[in-house]
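Presented below is the structure to which this report refers.
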Amino acid sequence: MARRALILLEGHRSIGLIYVKAARLLGLNPITLSADPTEYDYLAAEGIEAIQVDTENLDALIDECSHLRAKYDIAGITGFTPLDESLYATVGKLCRHFDLPGPNPASIERCCDKFAQRQLLAKTGVPMPDYRLAANATDVERSAAEIGLPVVVKPAVGTGSSGVRLCRNVDELAEHTTYLLSRKHIWRSSPRILVEEFAQGPFYGADIMGNEVIGIGTAEFVPPPHFIFRECTYPAPLTDDEHKRIADVSLSCLQALGLDWGPTSIEFRWTKRGPLVIEVNPRLSGGTNPQRVQLAYGVDLIAEHIKLVIGEEWNLRRRHSDIAATRYLIPDRDGTLDWIHGGSRAAAVPGVAEVKLYVEPKKTIAKNGDCLDAIGHVIAASPSLARTEAILERAVDLISWSIAPFPTEQEEPAAPPPLRTSTSVPS
């Protein structure tokens with residue numbers, strides 16, 4: 001009998017390895033199809049079969065999967081990549097071609113276009129920030145004037161906070177518009193920019209599988225103008241009424257967008273008007289969110305997603321209720337990493353679930369204002385929020401690093417001696 005295989009399109013530095021391990025525990029042989037398998041170091045480390053193929057070419061993917069069916073029983077297909085969630089629409093198309101469980105590709109594509117998403121949500125009365133679509137600098141300036149500064153300016157298609165910035169005045173607006181319309185930002189088609197009202201208030205994120213709201217987390221960001229997570233906590237400290245209001249709006253989003261299969265993550269800001277939808281992501285939330293959900297509730301989102309993908313019964317029942325939190329390690333400058341110490345000591349702190357450093361000495365540190373700016377993370381869990389916070393603080397305080405400025409900065413004639421950074425995260 002042919003061995004059952006799980007096909008994974010592309011990969012992910014935070015959840016890719018977890019998918020691979022979960023697949024093996026379920027008796028599946030994980031196989032990765034990627035445009036560049038060397039981009040994901042866990043593939044070689046785990047001895048995962050990886051095939052190089054153009055993952056933007058549906059016909060090429062169909063041919064490769066057809067060849068694999070001669071050797072394996074393909075139980076399911078899924079995939080993920082940190083900066084292009086449209087890949088999930090390709091997953092849906094592959095699943096339909098091979099008659100496998102999967103997401104509706106049309107719904108995914110509509111959702112990945114943030115302007116189309118906003119329009120569909122608006123038709124059903126889902127509460128959102130005011131927004132405009134712009135194609136050039138004049139459009140951006142006019143849209144910002146109509147909405148009123150500050151505004152959030154971002155690409156209409158994209159993920160991972162790439163190209164997203166809070167513009168607080170006309171100078172920041174002009175600067176970021178120039179950046180987005182230059183070759184520095186990569187567009188897959190003609191530039192389409194969203195200009196949105198800055199919804200001020202606490203951030204919340206709802207995790208959903210099918211039509212079931214699993215839980216709601218909260219997060220804090222690094223200082224503006226970028227939207228990079230500094231610390232994420234699960235579950236959020238909400239009243240029953242607040243939880244119900246976010247859950248109700250979440251289900252309204254699913255109905256409006258036709259998302260009734262698989263994982264969805266929805267981002268909110270709680271404002272004076274209540275919860276406003278910032279973004280609906282037609283996928284499992286990335287980063288360390290799956291680990292937090294498992295630590296907090298005992299629900300393995302990734303394993304349960306794989307069960308759904310291969311057509312097996314899945315179970316989202318909570319097994320316990322703790323508080324889990326992640327602190328991301330964010331550098332405060334560009335340069336070359338001299339050293340990073342303290343990871344093993346931090347991991348030894350009671351209550352710490354994971355310490356992961358993404359970089360090694362001599363690595364170039366170049367901040368882009370997106371989710372890839374983090375150089376590591378610490379996850380902790382305990383029965384109480386106060387205790388979890390204390391564990392995180394103790395562990396993070398044990399981690400330090402030094403970043404040397406690039407030579408051009410060091411050669412400034414009137415500059416003071418280079419300042420060595422030895423802190424964990426910016427305050």
Side-chain angles (χ1 to χ4, degrees), residues 12 14-15 18 80 82 85 88 111-112 114 117-118 121 126-129 152 154 158-162 164 196 198-222 226-239 242-254 256-257 259 262-271 274-297 299-302 304-305 316 318 321-328 370-371 374 377 379 381 385 388:
H12 199 287
S14 61
I15 61 175
I18 304 175
F80 33 74
E85 62 188 11
Y88 204 48
C111 197
C112 289
K114 294 179 175 59
Q117 178 189 126
R118 286 274 188 238
L121 294 177
V126 170
M128 297 179 297
V152 177
K154 61 187 179 183
T159 188
S161 294
S162 178
V164 182
E196 299 183 343
F198 176 42
Q200 302 186 52
F203 173 93
Y204 298 105
D207 293 297
I208 302 162
M209 192 79 77
N211 291 312
E212 183 174 344
V213 177
I214 300 160
I216 299 168
T218 187
E220 298 174 1
F221 296 88
V222 301
H226 301 293
F227 295 90
I228 303 171
F229 290 131
R230 176 182 181 268
E231 185 170 318
C232 303
T233 305
Y234 210 96
L238 295 167
T239 65
E242 289 168 340
H243 189 283
K244 184 179 185 304
R245 289 180 67 182
I246 291 176
D248 287 346
V249 175
S250 297
L251 296 178
S252 296
C253 290
L254 298 184
L257 298 170
L259 298 174
T264 306
S265 57
I266 305 180
E267 300 175 357
F268 295 86
R269 287 277 191 168
W270 193 287
T271 71
L276 299 187
V277 174
I278 301 302
E279 204 162 277
V280 178
N281 300 301
R283 54 173 170 77
L284 195 68
S285 182
T288 59
N289 195 62
Q291 290 108 301
R292 288 193 298 276
V293 175
Q294 186 163 12
L295 288 166
Y297 291 155
V299 177
D300 188 338
L301 288 182
I302 290 176
E304 300 308 321
H305 179 216
L316 301 176
R318 298 179 186 178
S321 184
D322 286 336
I323 306 295
T326 302
R327 176 76 62 82
Y328 289 100
D370 58 36
C371 67
H377 68 250
I379 310 176
L385 177 58
T388 298

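Quick note: numbers below take in every heavy atom, side chains included, and nothing from hydrogens, waters or symmetry partners.
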[X]: partners by side-chain contact (heavy atoms from CB on, under 4.5 Å), with sequence neighbours left out:
X      : answer
Ala381 : Leu295, Ala324
Thr271 : Ala199, Arg269, Arg273, Leu276
Thr388 : Ile323, Ala325, Ala380, Ser382
Asp248 : Lys244

Give me the atom names and distance for the closest heavy-atom approach of [X] to [Y].
X      : Y      : result
Leu121 : Met128 : CB-SD, 3.6 Å
Tyr234 : Ile216 : OH-N, 3.5 Å
Thr326 : His377 : CG2-CB, 3.9 Å
Leu301 : Met209 : O-CE, 3.8 Å
Asn211 : Leu251 : O-CD2, 3.4 Å
Tyr297 : Pro235 : OH-CB, 3.1 Å

Using ring-ring contact (aromatic ring centres under 6.0 Å, His included) as the criterion, list what pairs up with [X], not counting sequence neighbours.
X      : value
Tyr204 : none
His305 : Tyr19
Phe229 : Phe203, Phe221

Distance check, rounded to the nearest 0.5 Å: [X] atom [atom1] versus [Y] atom [atom2]?
X      : Y      : atom1 : atom2 : answer
Ile266 : Ile208 : CD1   : CD1   : 3.5 Å
Cys232 : Asn289 : SG    : CG    : 7.5 Å
Thr288 : Tyr328 : OG1   : OH    : 3.0 Å

Item to check | Flag, side chain of Gln117 to backbone of Val280, donor-acceptor distance under 3.5 Å | outcome: yes
Checklist entry - Does the Thr239 side chain pair with the main chain of Glu242, one donor and one acceptor, at a distance under 3.5 Å? => result yes
Item to check | Residue list, side-chain hydrogen bond (donor to acceptor under 3.5 Å, both in side chains) with Gln294, at least two apart or on another chain | outcome: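 With sequence neighbours excluded, Gln294 shows a side-chain hydrogen bond (donor to acceptor under 3.5 Å, both in side chains) to no residue whatsoever.
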Checklist entry - Taking only residues at least two apart or on different chains, which pairs with a member in residues 280-291 satisfy salt bridge (charged side-chain N to carboxylate O under 4.0 Å, His left out)? => result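 The answer is Glu85-Arg283.
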Item to check | Qualifying salt bridge (charged side-chain N to carboxylate O under 4.0 Å, His left out) pairs, either residue in residues 285-296, two or more places apart | outcome: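 Matches after skipping sequence neighbours: none remain.
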Answer yes or no: is there a side-chain heavy-atom contact under 4.5 Å between [X] and [Y]?
X      : Y      : answer
Pro237 : Thr218 : yes
Glu279 : Lys154 : yes
Val249 : Pro127 : yes
Ile278 : Phe268 : no
Gln291 : Ile18  : yes
Asp207 : Pro263 : no

Checklist outcome for this item: Glu304 meets the salt bridge (Lys or Arg N to Asp or Glu O under 4.0 Å) criterion, sequence neighbours left out, with Lys307
Next on the checklist: Holding to salt bridge (Lys or Arg N to Asp or Glu O under 4.0 Å), I want the full list of residues that pass it with Glu267, two or more places apart in sequence or in another chain.
Outcome noted: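 Checked Glu267 against salt bridge (Lys or Arg N to Asp or Glu O under 4.0 Å); zero matches.
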Next on the checklist: I'd like to know if the side chain of Ser265 pairs up with that of Ser285 as donor and acceptor (distance under 3.5 Å, no hydrogens or angles considered).
Outcome noted: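 There is no such pair (donor and acceptor under 3.5 Å, judged by atom type) between the side chains of Ser265 and Ser285.
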